[in-house]
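Naming convention: chains lettered A, B, ... in sequence-line order (proteins, then strands); numbering from 1 in each chain.
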Amino acid sequence: MSETRIQLIGGGLAGLMAAIRVAELGHPVDLFSVVPVRRSHSVCAQGGINAAKNLKGEGDSTWQHFDDTVYGGDFLQNQPLVKGMCEAAPGIIDLLDRMGVTFNRTAEGLLDFRRFGGTLYHRTAFAGATTGQQLLYALDEQVRRYEAEGRIRKLEGWMFLSAVLDDAGVSRGVCAVSLRSGEIRAFPGDATIVATGGIGSIFGQSTNSVACTGSAQSALFQQGVHYANAEMIQVHPTAIPGEDKCRLISESVRGEGGRVWVPKTPHDARDPRTIPEAERFYFLEEWYPKYGNLVPRDVATRAIHKVVHEEGLGVDGKAMVYLDVTHLPREMLMRKLGGVLEIYEKFVGLDPCEHPMKVFPAQHYTMGGLWVDNETQATNVPGIYAAGECDYQYHGANRLGANSLLSCLYGGMLAGPAAVRYARNLTVSAEATPASVFAREQKRQEEIYDRLRNQEGNESPIRIWREMGETMTRHVTVTRYNKDLAAADAKLAELQERYRSINLADRARWGNQSLHFTRELGNMLVLARLVSQSAILRDESRGAHYKPEFPDRDDERWLRTIRARYEGGKFQFEFDPVDTSLIPPRKRSYKS
Amino acid sequence: MAEGKTIVLKIKRRAGPAEPARWEEFAVAWRPNLNVIACLIAIAENPVTRDGRNTTPVSYESNCLEEVCGACAMVINSRSRQACSALVDQLEQPIRLEPMSKFPIVRDLVVDRSRMFENAKRLRCWVPIDGTYAIGPGPRVAPERQEVAYALSRCMFCGNCLEVCPKVNENSDFVGAALLNQVRLFNAHPTGRMHAHERLQAVRGIGGVQDCDNAQNCVKACPKNIPLTESNNDVNRQALLDAILGWMLR
């Protein structure tokens with residue numbers, strides 16, 4: 001009998017961590033990734049990673065980290081997993097440190113920590129302002145070591161299409177397509193861990209990378225994997241708007257003393273540096289004196305929307321506010337924030353040490369995701385696990401800054417061994433599964449591709465993608481009205497119709513990027529509808545989900561996970577209780 | 001430039017490794033803050049050449065679009081660089097886009113840079129840890145040392161330094177500045193240093209440091225300002241010492 005083989009879909013932090021854990025347990029790993037794993041979206045994480053190491057004499061504790069996280073998420077999390085994550089965090093930092101991550105240091109040679117949103121403690125370890133990149137590289141290197149030993153096989157440039165399910169609904173592997181040759185192939189695997197990140201692309205311009213389409217999650221959802229809290233979408237308060245993407249300006253900029261303000265006079269045309277202090281409105285500091293510029297992201301984003309859209313105080317009359325570090329010493333800025341200030345300088349052309357940055361909120365993080373259980377990252381389909389941003393655990397209705405790298409690593413650490421335990425107990429291995437099961441799924445995928453390549457019409461995939469992004473960003477982000485959400489869903493249904501009339505200008509197999517993108521776009525549209533419909537259902541305001549018509553949190557009705565199933569082309573919703581056994585829900589307010 | 005103007009791009013295209021190369025010209029509507037990637041997306045939306053001929057969308061690699069992933073390297077107006085940070089307003093027109101020439105071509109602007117990752121494997125570019133279980137913190141590091149290491153560790157494997165290097169060519173196995181910089185990074189780490197000899201042996205074995213002729217193009221092409229010539233020299237010195245005095249230094 002052959003060895004138990006585990007498949008990893010996605011080579012970001014969660015996927016790589018899971019792969020390392022599986023390899024460490026002695027099982028072969030197939031690691032699928034659309035990009036060389038070193039180029040995964042985790043590189044974009046800037047500010048840092050949270051762990052209550054309490055190295056600053058503040059009396060921080062893992063319980064305090066747990067409490068901040070649950071409170072920040074407006075109590076929508078199943079708490080035991082969050083507690084486990086916060087308790088594991090200091091050890092995870094030690095592990096990364098041993099892997100050689102170039103964390104910033106104190107004079108004593110210890111790890112340095114900075115402040116982040118939604119906490120009053122210095123709890124965030126960081127490597128300049130490119131922490132995600134540094135963490136990803138450390139894991140990439142460990143994976144390469146196992147690859148050199150023949151224990152991990154990388155399938156870079158292969159895109160996940162679907163799970164291969166047998167007649168009993170058990171996953172026996174995956175179907176994937178080579179982005180280069182166009183070949184579609186079914187790969188047997190005893191268990192599959194999905195770690196495919198966020199879904200930013202359904203919002204058009206977001207802070208996410210190009211690869212973050214959510215296509216894999218959507219495909220799995222359509223095959224029967226449940227999806228939870230789809231409506232919980234984080235909009236980051238400070239990004240540079242762009243044609244191709246919105247570039248994030250990290251919360252760490254405020255953690256190190258950056259201040260957000262607008263001129264008190266509407267349409268003030270003066271150079272911001274010449275506007276006197278008394279004529280500036282530091283609205284976050286004024287409205288939230290205790291947390292100031294470091295309120296959680298949902299709070300900061302709504303405040304910016306209010307100051308711009310309701311009070312008409314946007315910079316130059318546009319949807320923009322100042323994020324100002326010009327009062328801070330250049331040397332410190334470059335040492336601790338160089339990576340992110342560099343991005344502003346390169347893409348805007350102004351030195352942020354001299355000129356206040358102009359920023360605006362942008363879609364950033366997917367709190368909801370594939371439903372997984374409360375212990376092992378297992379989905380409801382036997383043999384399929386999920387970890388990282390693509391799962392729905394840990395962050396509830398709003399993620400705190402610097403908790404994402406942590407949840408990716410923790411989820412990966414749980415999923416790897418759990419998948420191995422499951423696979424070892426299988427009575428029939430994937431290898432022993434009838435070939436017809438694999439052939440059937442491969443054929444189904446080939447037919448979808450053939451249809452796309454040959455269909456006639458007058459639609460362009462990019463145009464449909466743009467319209468989807470505009471619709472989602474306008475109606476399904478910061479402020480949500482049921483009437484607009486319904487209109488968004490109707491528009492998405494129209495786009496699904498038009499999708500069938502896409503006429504591809506390129507019908508080759510070799511390196512045909514628009515073909516693969518179009519395949520993903522179909523999945524994106526399904527996911528976009530799921531996000532909109534879940535948002536319609538949740539008639540309350542909680543964390544990032546804000547409905548002016550229902551301005552309060554409603555624990556009585558909505559302290560519930562919205563869990564969606566896909567049945568016969570329709571979404572079915574169930575409302576599960578949330579495990580709040582450790583910290584009783586209390587009112588969330590950052591005012592005092 | 002004002003609204004209403006167009007940008008002209010000349011793109012070197014190839015349908016596959018065995019297909020002939022050809023140039024195509026495109027016109028894209030100008031908008032503020034446009035970069036080369038946004039132009040390529042616009043072309044994909046409407047794949048028609050400047051003279052009105054229907055064609056296919058241009059294949060190119062990209063991911064993060066903020067110059068931290070390394071994917072979108074290509075030759076833009078004869079300069080090897082990342083396309084995401086190539087702002088249209090700072091480029092002379094027509095903007096000429098070509099694939100990197102030192103790597104096997106896949107299609108259009110896509111090349112295969114897997115050689116760099118293969119060499120990272122051969123050069124053992126990692127810190128060999130005992131395992132992922134909890135065995136306490138890593139070694140203490142002085143802030144000055146961290147700053148040096150951090151600057152080296154920002155390498156995205158974009159390959160720009162290889163593209164501009166006269167020693168990276170069909171007749172040489174030279175691994176290139178990016179990889180030597182990795183050797184320096186891991187040989188400087190308190191744990192990585194324990195295995196410096198293995199890396200230096202590997203460097204000498206494959207196209208290593210003796211091939212660098214100090215043209216210094218690499219350091220100018222690096223989008224992350226990594227002190228690559230310093231790394232080349234450092235590894236050169238280490239490799240020499242290791243070859244002469246290896247067993248004594250260990």
Side-chain angles (χ1 to χ4, degrees), chain A residues 20-21 24 35-36 38-41 43-44 91 94-95 97-100 102-110 127-128 130 133-134 137-138 141-142 144-145 147-148 156 180 209-211 242-245 247-248 335 339 343 346-349 413 460 462-463 466 505-506 508 510-511 513-514, chain B residues 15-16 31 33-35 37-38 41 44-47 54-57 59 61-71 84-85 87 106-108 110 113-114 117 120-121 124-129 131-132 134-138 140-143 146-147 149-150 153-154 156-157 186 189 191-192:
Chain A
I20 291 167
R21 296 282 277 192
E24 207 167 60
V35 295
R38 198 178 172 90
R39 311 203 192 286
S40 302
H41 177 62
V43 290
C44 287
D94 285 346
L95 171 61
D97 188 16
R98 284 169 45 229
M99 286 179 180
T102 57
F103 285 119
N104 280 51
R105 302 282 167 165
T106 65
E108 206 175 320
L110 296 169
T130 59
Q133 182 196 46
Q134 296 301 308
Y137 288 1
E141 286 142 14
Q142 295 301 320
R144 190 164 295 109
R145 181 178 167 210
E147 201 191 353
E156 290 170 329
R180 190 173 292 185
S209 294
V210 173
E243 274 283 326
D244 52 337
K245 90 172 287 193
R247 295 176 177 88
L248 179 71
R335 185 160 43 83
I343 289 177
K346 282 204 179 176
F347 289 92
V348 178
M413 286 177 118
S460 130
I462 304 277
R463 204 173 312 135
R466 283 199 209 276
D506 186 357
W510 182 264
Q513 292 178 336
S514 57
Chain B
R31 291 179 300 280
N33 285 329
L34 220 53
N35 61 3
I37 296 289
I41 297 173
E45 184 169 2
N46 182 29
N54 287 335
T55 183
T56 52
S59 290
E61 275 188 87
S62 71
N63 199 30
C64 79
L65 306 185
E66 51 194 58
E67 214 187 57
V68 282
C69 82
C84 65
S85 58
L87 304 184
V106 176
R107 182 179 166 174
D108 294 338
V110 180
R113 285 169 281 179
S114 55
F117 296 112
K121 222 185 282 175
R124 310 176 75 80
C125 297
W126 52 73
V127 174
I129 59 166
T132 61
I135 45 177
R140 287 199 185 191
V141 177
Q146 179 273 337
E147 278 169 42
Y150 175 70
S153 70
R154 295 183 67 201
M156 325 181 275
F157 281 52
F186 290 102
H189 185 270
T191 311

Is any side-chain heavy atom of [Y] closer than 4.5 Å to one of [X]?
X        : Y        : result
B:Phe117 : A:Glu147 : no
A:Arg466 : B:Ile41  : yes
A:Asn104 : B:Gln146 : yes
A:Arg144 : B:Cys125 : no
A:Arg145 : B:Ile129 : yes
B:Thr191 : A:Arg98  : no

Counting distance only, does the side-chain N/O of [X] pair as donor-acceptor with the main-chain N or O of [Y] below 3.5 Å?
X        : Y        : answer
A:Arg39  : B:Met156 : yes
A:Gln142 : B:Val127 : yes
A:Gln134 : B:Ser153 : yes
B:Asn54  : A:Ala505 : no
B:Arg107 : A:Trp510 : yes
A:Lys245 : B:Cys64  : yes

(message) Working to the nearest 0.5 angstrom, can you tell me the gap between B:Arg154 CZ and A:Gln133 CD?
(response) 6.5 Å
(message) Suppose we screen for ring-ring contact (aromatic ring centres under 6.0 Å, His included). Which residues come up paired with B:Tyr150, at least two apart in sequence or across chains?
(response)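 With sequence neighbours excluded, B:Tyr150 shows a ring-ring contact (aromatic ring centres under 6.0 Å, His included) to no residue whatsoever.
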(request) Please look at B:Ser114 and chain A and tell me whether the side chain, the backbone, both or neither of the residue comes under 4.5 angstrom of a heavy atom of that chain. (result)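 No part of B:Ser114 comes within 4.5 Å of chain A.
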(request) Examine whether an atom of B:Val141 lies under 4.5 Å from a heavy atom of chain A, and if so say whether it belongs to the side chain, the backbone or both; otherwise answer neither. (result) both
(request) List in chain and number order the residues that pass side-chain hydrogen bond (donor to acceptor under 3.5 Å, both in side chains) with A:Gln513, two or more places apart in sequence or in another chain; answer none if no residue qualifies. (result)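 A:Gln513: no side-chain hydrogen bond (donor to acceptor under 3.5 Å, both in side chains) contacts found.
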(message) Let's test your reading of the structure: which of B:Glu66, B:Glu61, B:Arg113, B:Arg124 forms the most heavy-atom pairs below 4.5 Å with chain A?
(response)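 Of B:Glu66, B:Glu61, B:Arg113, B:Arg124, B:Glu66 has the most heavy-atom pairs under 4.5 Å with chain A.
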(request) Provide the closest heavy-atom pair for B:Pro57 versus A:Asp506 in the form atom of the first, atom of the second, distance. (result)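 Minimum heavy-atom separation between B:Pro57 and A:Asp506: CD-CB, 3.9 Å.
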